[in-house]
**Student:** 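Following this message is one structure expressed as structure tokens.
By convention here, the first residue in the shown sequence is residue 1. Whatever order the structure lists ligands and atoms in, that order sets their numbers, starting from 1.
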Amino acid sequence: METNGYLDSLRPAGSKRSSKRDLIVNVFLRQEGHLTADDLFDLIRLEDNARSARPAGGPPDTTVPHDAARISRATVYRTLQWMVDAGIARKVDFGEGRFRFEHSYRHPRHFHLICKSCNQSFEFLSSDIESLLEEVAAARNFTARQSVLQIHGTCEACRTGRPAVAERGVTELLFARDALRIAIATERSGLEFYSRAARITRDARGRKIFEKLADEEKEHLGTLEARYRELLQQDPQLESRPTFLFFKGAANGLFAAGAERLANGVDDRQALMIGIKCERGSHRFFKRYGEKFEDSEGKKIFLEFADEERAHLELLIREYRSLVERQSRRRAPKNAKRKTRRQAATLS
Ligand SMILES: [Zn+2]
Ligand SMILES: [Zn+2]
């Protein structure tokens, strides 16, 4: 993990480098999962023993400061607290009577499933739960700082005796995989929507726009699928690992509902308006969630996709305005301008 730049960005300007602290932070960032302060202290000890055990005359190890031996339990505890304050670590309480810590470097906020038999914890994220929590807080005029959601029980491996496909150590890959799956599903439903819209549109120019958008969705779909295949090469088991992102009300639902409305028989203007609503909803969805995530491949995927959806949205709005204008000119040449402006204004 390339963390040096990350650590430098967290250090306040002018503050001294502390080799002890850097060692503790580096060891901590290499761990996946949820560590107690004592787990971390043991790891620091191991690191130090390994360093001492190196044969004399061997190359000096420049990654480990030579005062590591003197790192006390209290220093580890203090550094953990410093990491929590600096946003490098998150403190989690699984009801065991002591805190655990997980790092937040390229690791999005999430919820936990906790197995009472093997004491393992599993991570997941759900946009539906997050929106619901936000809704509740807003309705109660409550400023939410942190929401904790935990599901306690028995994991599949403990229940069935079958070894589970581990999620350990690959959260970032899982996150990217799920972000891509959601973007691909949205792209597919967008493609279906625009193909259908192109078939039913009577206006020749509007049909061209829908065909163009269908072509663009097809091209983006190809790009996203290539990226997905690339990701799978990094981990042959990636496809079978458990779902991390649960997005039940994801943007693909918007396009699916839109395509259904097209089937009910709509005019050209309505078809464009439905497209605008779908693209706007999709753009908002990906931007909103993309901005929430910590820096990661998954975040990048969401934000890039949000940009693509915005480009589609702008194209559709331009087209809608032009259609309204052309139709008004045909109907009432005199008052057309003012009316057109009013109708166009309702869009922005
Ligand atoms: Zn278990
Ligand atoms: Zn966690």
Side-chain angles (χ1 to χ4, degrees), residues 1 3 6 10 24-43 76-77 79-134 144-179 235 237-238 240-247 289-290 292-299 302:
M1 188 187 296
T3 53
Y6 172 67
L10 291 164
I24 298 170
V25 174
N26 275 318
V27 170
F28 180 64
L29 288 180
R30 281 207 301 270
Q31 314 305 315
E32 290 290 337
H34 311 89
L35 272 71
T36 64
D38 292 324
D39 291 341
L40 183 59
F41 178 69
D42 291 343
L43 284 167
V76 172
Y77 291 1
T79 305
L80 264 174
Q81 190 52 52
W82 174 83
M83 286 194 279
V84 170
D85 296 339
I88 304 168
R90 284 187 291 252
K91 209 173 188 175
V92 288
D93 181 358
F94 292 160
E96 313 160 288
R98 57 180 176 173
F99 289 112
R100 287 180 179 271
F101 300 85
E102 60 184 8
H103 72 74
S104 48
Y105 179 72
R106 296 175 87 80
H107 192 179
R109 259 185 310 280
H110 51 268
F111 302 121
H112 293 108
L113 297 141
I114 300 149
C115 176
K116 66 172 174 8
S117 305
C118 63
N119 288 322
Q120 281 198 79
S121 57
F122 310 92
E123 305 182 329
F124 71 100
L125 200 91
S126 158
S127 62
D128 310 288
I129 293 173
E130 291 206 353
S131 331
L132 188 62
L133 293 173
E134 276 166 23
R145 193 174 53 82
Q146 191 197 4
S147 306
V148 177
L149 184 92
Q150 294 177 351
I151 304 177
H152 291 257
T154 313
C155 75
E156 191 186 3
C158 287
R159 192 168 44 80
T160 61
R162 277 197 304 271
V165 183
E167 59 170 28
R168 280 272 174 273
V170 287
T171 314
E172 195 187 353
L173 275 184
L174 289 180
F175 181 34
R177 177 201 66 182
D178 293 351
D235 173 7
Q237 278 190 296
L238 193 59
S240 55
R241 291 191 197 279
T243 306
F244 175 69
L245 280 177
F246 289 87
F247 274 30
Y289 286 104
K292 270 187 171 187
F293 298 140
E294 273 79 3
D295 191 26
S296 59
E297 180 71 10
K299 181 192 187 87
F302 267 48

**Student:** Using modelled atom types only, decide if a donor and an acceptor are shared between the side chain of Glu297 and the backbone of Ala179 within a distance under 3.5 Å.
**Tutor:**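 Judged by distance alone, no pair lies under 3.5 Å.
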
**Student:** Restricting to N, O or S atoms of Glu123, which is nearest to the Zn ion (ligand 2)?
**Tutor:**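 When I compare the N, O and S atoms of Glu123, OE2 is nearest to the Zn ion (ligand 2).
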
**Student:** Which value, rounded to 10°, describes the NE2(His34)-the Zn ion (ligand 2)-NE2(His110) angle?
**Tutor:**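 The two atoms subtend 170° at the Zn ion (ligand 2).
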
**Student:** Is the number of heavy atoms from other residues, nucleotides or ligands under 6.0 Å of Phe94 CZ greater than 12?
**Tutor:**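 It does: Phe94 CZ has more than 12 such atoms within range.
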
**Student:** Within the side chain of Lys299, is there an N or O that forms a donor-acceptor pair under 3.5 Å with the backbone of Gly290?
**Tutor:**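 Answer holds: yes.
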
**Student:** Angle at the Zn ion (ligand 2): provide the value between NE2 of His112 and OE1 of Glu102, rounding to 10 degrees.
**Tutor:**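 The two atoms form an angle at the metal of about 120°.
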
**Student:** At the Zn ion (ligand 1), what's the angle from Cys155 SG to Cys118 SG, rounded to 10 degrees?
**Tutor:**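 Once rounded, the angle between the two atoms at the Zn ion (ligand 1) is 120°.
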
**Student:** Do His34 and Glu123 have side chains that get closer than 4.5 Å, going by heavy atoms?
**Tutor:**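 Answer yes - side chains close enough.
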
**Student:** Between Arg177 and Asp235, is a salt bridge (charged side-chain N to carboxylate O under 4.0 Å, His left out) present by the stated rule, with each step listed?
**Tutor:** CA-CA 11 Å; Arg177 177 201 66 182; Asp235 173 7; over 6 Å; no

**Student:** Test of geometry: compute the angle SG(Cys158)-the Zn ion (ligand 1)-SG(Cys115) and round it to 10°.
**Tutor:**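 Value, to the nearest 10 degrees: 110°.
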
